[in-house]
Amino acid sequence: MTKVLSSPVESCSGKLDDVFIERFLGNLSPVQENALVQLRRRLRETHKEKIPKDAHILRFLKARDYSVEKAREMLLHSLAWRKLHNIDRLSETYKPSEIVEQYYCGGWHYSDRDGRPLYILKLGQMDVKGLMKSVGEEALLRHVIAVNEDGLKRAEEATKSKGFPVSACTCIVDLEGLSMRHLWRPGIRALLRLIELVEANYPETMGQLLIVRAPRVFPVLWTLVSPFIDENTRQKFMIYGGNDYQGPGGLVDFIEKRYIPDFLGGDCYVTTFTFGFLTSVIAVACAMKVYELCDVPEGNMVPKSLYKEEFSDKSPDGPPLSTDSLYNTAHVVKDFPHEHCKKIQSRKNVLDLLYLLWVLIQVPQRGSVLTWDFDILKGDVTFTVLKCKGSISADPHHQHHVSGATGGIGSVQYIDKSMQVGVDLSIVEPPCICRDGDSVQGSHVTSQAGSYLLQWKYFDSAKASFDFTLATHKSKVMYHTELLKSDAFSLKCKCKIHLFIKIFYMIQSLQFFFNKIEKITPRRL
């Protein structure tokens, strides 16, 4: 979804191609089109060519009423969230566990009358407490994220197949069976966290949400969660109590009856029929496409034998959703730089990288390459690379605690304040100001072995980049660093040079070949 794909070429006047807009984005006013062009250009300034597709950028603009500044703030934080949790890889490699497959009552089911992918969630039949105690909150969040990613892909495929833009999905939430057991506090907290996550990273992806068979306990649940749902999203909710969803004004207004599941009064039968004459007739009819099939899982109570021994009651500030994330996050406080210590151990030709909590890098030999990739999530910072003329201990000189930082520690400082640039330290990469929302990648080829320091320091900017003020004088950085050994770096460079030479000679040979053909082939007047 956030992978780079070709975008339409802008005209000299800064407009997008009209055919592309009508085919893939829908009808846009000149103001809306101009906002899209402006936001895309600003993203290229900070993220080069690694920007989302226009349809995805447009969702964030819609969520912020086409305010370029507000949409940029929202989208930059979402891109950083995707990078931190490795969402692209999660969406490609995710496979639900057997417990989730069997007891999570939700699945994709054809499409609505407007061509939008349809998802059915039988929340009333779901054992939320059992799922959380057996697989954990993080596993359920990963599953929901995977569902949202799948929804984006299905909408994109529908746009290609149907010939008109499909940017959202429709969801039916069946509350038959909802009771007080669903109002379990950890479950409600997980639901609120899920709503916050989806609102922030998947805006304008809900075309319609149809809540059916809402019981008497539903107003209690609605009172708890509705304040956390965006007003524009709430306007897309249709709530039906009792049998109001049947007949005119109900589900048939949004979905063809042949696609409405039979348990909701439609002609689409579930796949879990038993043997018998009637069910055999239904099975034959489904095979002949007289009726459609519904394979949304029925769900059931999760056996207590599948519960984990200890239920993990995590707070929202937990570890990355992806277990193989390369990135760390740190708070940078005014007057307290954040220095990440990374110890490098060299054994003959083997380079072992031990990722710790700081960025103090011990370079074993000259010619090694320091690389960094970081995003500014909040505030402005200055980034500097320093070379220590002496050795630095792995024990920090100062730890500054910040409320909300992981583990309670916000900044770790390794340089003694008595050390001076020019005497004890030398600057190998000059300080650069990185603004709120910037994505920065770079490298440095070391001229000698020793202790190198990557430092982020709070920058007191007179003008805030985003709407909120930095009242606590904190910045937040997400970063990843790596040290490439000189031998490995040289080998990579040599391979690239050899590859370039081969490609060059191939091009020369093709040009010679085509020149020969041109001389042999007679020209037609």
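Starting from 1, each residue takes its place in the sequence as its number.
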### Query
Passes side-chain contact (heavy atoms from CB on, under 4.5 Å), Ser167 versus Glu204? Steps please.
CA-CA 8 Å; Ser167 61; Glu204 297 297 322; over 6 Å; no

Can [X] and [Y] be counted as having a side-chain donor-acceptor contact under 3.5 angstrom?
X: Gln441; Y: Ser439; answer: yes
X: Gln362; Y: Tyr452; answer: no
X: Asp438; Y: Thr46; answer: no

When you measure from the side chain of [X] to the backbone N and O of [Y], does any donor-acceptor pair fall under 3.5 Å?
X: Thr371; Y: Glu482; value: yes
X: Thr159; Y: Ala155; value: yes
X: Asp375; Y: Ala80; value: no
X: Asn86; Y: Arg82; value: no
X: Thr223; Y: Pro219; value: yes
X: His182; Y: Met126; value: yes
X: Gln32; Y: Ser29; value: yes
X: Arg234; Y: Ile229; value: yes
X: Thr205; Y: Tyr202; value: yes
X: Thr382; Y: Pro431; value: no

### Query
Lys387 and Leu425: side-chain contact (heavy atoms from CB on, under 4.5 Å), yes or no, with the steps?
CA-CA 6 Å; Lys387 168 70 171 64; Leu425 304 167; over 6 Å; no

[atom1]-[atom2] distance between [X] and [Y], expressed to the nearest 0.5 angstrom:
X: Tyr94; Y: Ile145; atom1: OH; atom2: CD1; result: 10.0 Å
X: Asp54; Y: Phe24; atom1: CG; atom2: CZ; result: 11.0 Å
X: Arg72; Y: Glu69; atom1: CZ; atom2: CD; result: 6.5 Å
X: Ser443; Y: Leu484; atom1: OG; atom2: CG; result: 8.5 Å
X: Ile57; Y: Arg42; atom1: CD1; atom2: CZ; result: 13.0 Å
X: Arg41; Y: Leu36; atom1: CZ; atom2: CG; result: 10.5 Å

Using a strict threshold of under 4.0 Å (side-chain N to carboxylate O), is an ion pair present between [Y] and [X]?
X: Arg193; Y: Glu137; result: yes
X: Glu157; Y: Arg154; result: no
X: Lys53; Y: Glu156; result: yes
X: Asp373; Y: Lys83; result: yes
X: Glu45; Y: Arg40; result: no

I want to check something: taking the side chain as every heavy atom from C-beta on, are [X] and [Y] in contact at a cut-off of under 4.5 Å?
X: Trp108; Y: Leu118; answer: no
X: Val428; Y: His444; answer: yes
X: Asp112; Y: Gln208; answer: no
X: Asn34; Y: Tyr66; answer: no
X: Leu370; Y: Thr481; answer: no
X: Leu209; Y: Met238; answer: no
X: Val385; Y: Trp372; answer: yes
X: Val369; Y: Thr446; answer: no

### Message
Glu429: which residues meet the salt bridge (Lys or Arg N to Asp or Glu O under 4.0 Å) condition with it, sequence neighbours left out?
### Response
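Glu429: no salt bridge (Lys or Arg N to Asp or Glu O under 4.0 Å) contacts found.
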
### His480 and Phe374 aromatic centres sub-6.0 Å
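Ring centroids of His480 and Phe374 are no less than 6.0 Å from each other.
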
### Query
Taking the six-membered ring for Trp, are Trp81 and His77 ring centroids under 6.0 Å apart?
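That pair fails the under 6.0 Å test.
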
### Query
Under 30°, 30 to 60°, or over 60°: which ring-plane class applies to Trp222 and Phe237, parallel, tilted or perpendicular?
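Ring orientation of Trp222 relative to Phe237: tilted.
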
Minimum-distance pair of heavy atoms, taken over all atoms of [X] and [Y]:
X: Ala168; Y: Pro117; value: O-CD, 3.6 Å
X: Ala200; Y: Phe60; value: O-CE2, 3.8 Å
X: Met132; Y: Leu140; value: CG-CD1, 3.5 Å
X: Leu43; Y: Pro52; value: CD1-CD, 4.4 Å
X: Val477; Y: Val381; value: CG2-CG1, 4.2 Å
X: Asp88; Y: Ser91; value: O-OG, 2.8 Å

### Message
Leu76 vs Ser78, test: side-chain contact (heavy atoms from CB on, under 4.5 Å). Steps then yes/no.
### Response
CA-CA 5 Å; Leu76 288 179; Ser78 178; over 6 Å; no

### Cys169 and Tyr119: CA distance, side-chain angles, deciding distance, side-chain contact (heavy atoms from CB on, under 4.5 Å) verdict
CA-CA 8 Å; Cys169 303; Tyr119 191 85; over 6 Å; no

